[in-house]
Amino acid sequence: MHSRYAVFGQPIAHSLSPRIHTLFAAQFGIALDYRAIEAGREDFVQVLDAFARNGGRGANVTLPLKEDAAALCAECSERARRCGSVNTLLRVGDMWHGDSTDGAGLLRDLREHHDFDPRDQRILLLGAGGAARAAAFAFIDAGAAELVIANRTFERADTLAAAIDAPSRVAARAWTELSIGDGFDLVVNATAAGHAGAAFDLPCDRLASRTFCYDLSYGKAASPFLDWARATGASHVSDGLGMLVEQAAESFAIWHGRRPDTAPVHAELRAQLVAASKK
Ligand code: ATR
């Protein structure tokens, strides 16, 4: 029997993870059974139990299950515990071990593909949900000089800033009190605003042209923020497709002990996204 792997979430039908992991496995001649399995918060524990009984060795977990996954693990990595979120499950004996590869995937994409090292940089993070949380810890661990967290609901930004506990480098701001014009090196959109498709709006007429703008989502969901960034003067913008592929590579390495080459996989998915956007 092949070892079984899967991604759990809701909705999950359009997940790119099965394709990504199948391409990674092919690089090593590994015969992989990796599926997308629909599960909501009510039935996740039962569906995951059934998966384990049927030979499930590892799983990715996506919205809205990352916090539930952290709660059901017998053990979590330090980085997963701090984020309160698990995106990678590994079966050890009859228990699940949890890890969070989102932050590492983001850093790797920024450093390897965008020549951006957060060390000593001034970073503005938009959003304070699960995705923002992983990014915020990653930036501070990577040595950012200043991290401003802005969120529509200020209290969530404040709670996240307090959890990071580095007051000399981290501050929370209300969305409406933002002043972006004074020059961030990186602005990251970690809000879910783009999923609704509405135009993006921030109190900023002009970005410094050196400001790099990055959206953690990809495809249509990234367009409102990236369109806003271009219109406001950013010369370098990117969606989060690279982060998706890099966090998957981190998960793959946890399960199989080998690190895949992400470049050809990223290129294939990018070509698919471009083709889909022209339809
Ligand atoms: P995720 O795990 O994807 O981060 P989440 O935890 O539900 O999902 O967080 C969604 C984030 O997007 C939050 O920061 C949310 O802001 P609130 O805390 O104020 O809800 C933000 N968000 C969602 N829709 C938004 C919108 N239309 N404009 C601005 N921020 C939005």
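The chain is numbered in sequence order, starting from 1.
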Asker: Pair D99, S77 - check side chain to side chain donor-acceptor pair (under 3.5 Å), show working.
Answerer: CA-CA 5 Å; D99 204 344; S77 67; 2.6 Å; yes
Asker: Of all the heavy-atom pairs spanning Y34 and S17, show the shortest one and how long it is.
Answerer: OH-CB, 3.4 Å
Asker: Quick one: closest heavy-atom pair of G127 and N151, and the distance?
Answerer: CA-OD1, 3.3 Å
Asker: Taking C-beta and beyond as the side chain, do L147 and L125 meet within less than 4.5 Å on heavy atoms?
Answerer: yes
Asker: Would D239 and R270 count as a salt bridge (charged side-chain N to carboxylate O under 4.0 Å, His left out) here? Give the steps.
Answerer: CA-CA 11 Å; D239 70 2; R270 178 65 68 200; 2.8 Å; yes
Asker: Does any non-hydrogen side-chain atom of L216 lie less than 4.5 Å from one of M243?
Answerer: yes
Asker: I'd like to check R108 versus T262 (side-chain heavy atoms, cut-off strictly below 4.5 Å). Are they in contact?
Answerer: no
Asker: Would D33 and R35 pass as an ion pair if we require N to O under 4.0 Å?
Answerer: yes
Asker: Under 6.0 Å between ring centres: does that hold for Y5 and W255?
Answerer: yes
Asker: Mind checking whether L89 and C73 have side chains closer than 4.5 Å, heavy atoms only?
Answerer: yes
Asker: Within this structure, what is the CD-OG distance for the pair E38 and S15, rounded to the nearest 0.5 Å?
Answerer: 11.0 Å
Asker: Do the side chain of Q247 and the main chain of L244 share a donor and acceptor less than 3.5 angstrom apart?
Answerer: yes
Asker: Taking only Lys NZ, Arg NE, NH1 and NH2, and the carboxylate oxygens of Asp or Glu, determine whether R82 and D141 approach each other closer than 4.0 Å.
Answerer: yes
Asker: Within a reach of under 6.0 Å around CD of Q10, are more than 12 heavy atoms found that belong to other residues, nucleotides or ligands?
Answerer: yes
Asker: Kindly state whether the ring of F116 and the ring of Y214 have centres lying under 6.0 angstrom apart.
Answerer: no
Asker: What is the minimum heavy-atom distance between C83 and F137, and which atoms define it?
Answerer: SG-CD1, 4.2 Å
Asker: Within the structure provided, determine whether H97 and C76 are in side-chain contact (heavy-atom separation under 4.5 Å).
Answerer: no
Asker: Just so I know, are the side chains of W175 and L126 near enough to count as touching, which here means a heavy-atom distance under 4.5 Å?
Answerer: yes
Asker: Which pair of non-hydrogen atoms, one from F51 and one from A59, has the smallest distance, and what is that distance?
Answerer: CE2-CB, 4.2 Å
Asker: Can you check whether R41 reaches L65 side chain to side chain, under 4.5 Å on heavy atoms?
Answerer: yes
Asker: Just wondering, do L107 and F139 contact through their side chains at under 4.5 Å, heavy atoms?
Answerer: yes
Asker: Heavy-atom count around Q46 CD within 6.0 Å, excluding the residue itself: above 12?
Answerer: yes
Asker: Which one of L63, I37, T62 satisfies the side-chain contact (heavy atoms from CB on, under 4.5 Å) criterion with I12?
Answerer: T62
Asker: Looking at D102 and K66, is any side-chain nitrogen of the basic one under 4.0 Å from a carboxylate oxygen of the acidic one?
Answerer: yes
Asker: Between S100 and N87, does any side-chain donor sit less than 3.5 Å from a side-chain acceptor?
Answerer: no
Asker: Looking only at heavy atoms, which two atoms of V61 and F44 are closest? And how far apart?
Answerer: CG2-CZ, 4.1 Å
Asker: Does D185 come within less than 4.0 Å of R122, counting only side-chain N to carboxylate O?
Answerer: no
Asker: At what distance, to the nearest 0.5 angstrom, does NE2 of H266 lie from CD1 of I20?
Answerer: 9.5 Å
Asker: Go through it in stages, so that I can follow the logic: the residues are Q27 and D261, the test is side chain to side chain donor-acceptor pair (under 3.5 Å), and I'd like the CA-CA distance, side-chain angles, deciding distance and then a yes or no.
Answerer: CA-CA 8 Å; Q27 293 180 9; D261 180 3; 5.3 Å; no
Asker: Between atom CG of L186 and atom SG of C213, what is the distance when rounded to the nearest 0.5 Å?
Answerer: 7.5 Å
Asker: Do you know which two heavy atoms are closest between L32 and H21, and how far apart they sit?
Answerer: CD2-O, 3.4 Å
